[in-house]
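Just the heavy atoms: all of them, side chains too, but no hydrogens, waters or symmetry mates, feed the values below. When a residue number appears, it is its place in the shown sequence, counting from 1. Both counts, for ligands and for their atoms, begin at 1 and track the order of listing.
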Amino acid sequence: MSDEQHQNLAIIGHVDHGKSTLVGRLLYETGSVPEHVIEQHKEEAEEKGKGGFEFAYVMDNLAEERERGVTIDIAHQEFSTDTYDFTIVDCPGHRDFVKNMITGASQADNAVLVVAADDGVQPQTQEHVFLARTLGIGELIVAVNKMDLVDYGESEYKQVVEEVKDLLTQVRFDSENAKFIPVSAFEGDNIADESEHTGWYDGEILLEALNELPAPEPPTDAPLRLPIQDVYTISGIGTVPVGRVETGILNTGDNVSFQPSDVSGEVKTVEMHHEEVPKAEPGDNVGFNVRGVGKDDIRRGDVCGPADDPPSVAETFQAQIVVMQHPSVITEGYTPVFHAHTAQVACTVESIDKKIDPSSGEVAEENPDFIQNGDAAVVTVRPQKPLSIEPSSEIPELGSFAIRDMGQTIAAGKVLSVNE
Ligand code: GDP
């Protein structure tokens, strides 16, 4: 990969509308098909005496790997355009999509919504658009796919565009942040080259639109937030907390504070890959040493930040959650484990404040008695032990969580406000 800017891209849309095919097409057109696929093709082609590398082969291979249960699906494929290195993050349908997306393991910056021209907006189209809005996706490129199946008709295209625009309005997604493109992932129309079949369309083709996505916000403007993964004792150095810098910069000489343990001191050394460095940036995994802070003073789940702008510790917090797989209903008093950054803390749902209609984003019910699968709601939560967490509008990286119970992720959400 080059040192171009990075984009995490989600591909969303109803089942069978062509998400995998579109990813296969993007990999093919940008010359990013995984090396092992090309190697295998060469071998097979030699055996059969055929030449050339075809799109159909990419698709066969993706399908085959999927059948074998290899996790390839389309998640975590990479391709590069003139402007960006793209990573396709988990897609809805993939088991842990929502959990990964929400806990930041695969936070998507922008998304491509695939809608089949011959099928229009379907339930999962609706669900994914709602989720994308809830999780704060920046821009949406709407690929109206399978145009070949409707004879590249302008009126069929326009009808789907209207349906999608209605949906965006319903969930209050700013349509100004959406672009519409008629494509055929299968035939390759308007993906890397302008299609001969859509003379009535003079907008951007897909790769152009991808190139023009806004660059992800550099997270360095936010104050330092470094969730602690582990705390080691290393002879000759002393106590070494380790973790990944989520936002801000960690410099030697900084005065830092660990919350909720509530201890502070001056950073003496910062190490990355076994080498001492003067500072660490977002994405860097570091070990560091802080004057006067011993092994028993801090623990996994603490967040390190500037002493004069420390991570907040929530007495209670209000959050928006989406319930995905709970066997029955969630009522007040429910106390599952919340997973936020490196912390795992039992938290009680103190009140269910509002139920939200997933298709409209409107308040559907004030103070409902319960919520269940498919519901979105605003809840007030009380951690049973001190928990450092931040409003997602201020520090997205520290403002989302997954709720787990009975060995599975049952809901996910983001923090709206914190009451310290
Ligand atoms: P996904 O479930 O959204 O990932 O959909 P797939 O990519 O697996 O596609 C579902 C079916 O639609 C497959 O049989 C594809 O070959 C077909 N398909 C996908 N894109 C197109 C297209 O642009 N034109 C046509 N005719 N078929 C397509």
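The contact set between ligand 1 and Ser184, taken as ligand atoms under 4.0 Å from a residue heavy atom, comprises 22 (C), 23 (O), 24 (N). Each of the following atoms of ligand 1 lies closer than 4.0 Å to a heavy atom of Asp16: 1 (P), 2 (O), 3 (O), 5 (O), 10 (C), 12 (O).
Between Glu163 and Lys165 there is no salt bridge, since no side-chain N of the basic residue sits under 4.0 Å from a carboxylate O of the acidic one. Residues Glu246 and Arg225 are not paired through a salt bridge, judged by the lack of any N-O separation under 4.0 Å between the basic side chain and the carboxylate.
Heavy atoms of Ala185 come nearer than 4.0 angstrom to ligand 1 in at least one pair. Using a 4.0 angstrom heavy-atom cutoff, His14 counts as in contact with ligand 1.
For the residue pair Gln7 / Asn110, a side-chain donor-acceptor distance below 3.5 Å is found, with atom types taken as modelled. Side-chain contact annotation: Thr269 with Asn289, donor-acceptor N/O pair under 3.5 Å absent. Checking Asn190 against Ser195 by side-chain atom types alone, no donor-acceptor pair falls below 3.5 Å.
Heavy atoms from both the backbone and the side chain of Lys146 come within less than 4.0 Å of ligand 1. Within the 4.0 Å heavy-atom criterion, the part of Asp148 lying near ligand 1 is the side chain and not the backbone. If you look at Asn145 next to ligand 1, the close heavy atoms, those under 4.0 Å, all belong to the side chain.
The shortest N or O to N or O distance between Glu187 and ligand 1 is not below 3.5 Å. Close N/O approach between Phe186 and ligand 1 is found [any backbone or side-chain N/O within under 3.5 Å].
Of the options Ile191, Leu149, Thr21, the smallest heavy-atom separation from atom 7 (O) of ligand 1 is shown by Thr21.
Below 30°, between 30° and 60°, or above 60°: for Tyr201 and Tyr157 the angle between ring planes is above 60°, a perpendicular geometry.
With sequence neighbours excluded, the residues forming a side chain to side chain donor-acceptor pair (under 3.5 Å) with Glu29 are Arg25, listed by chain and number.
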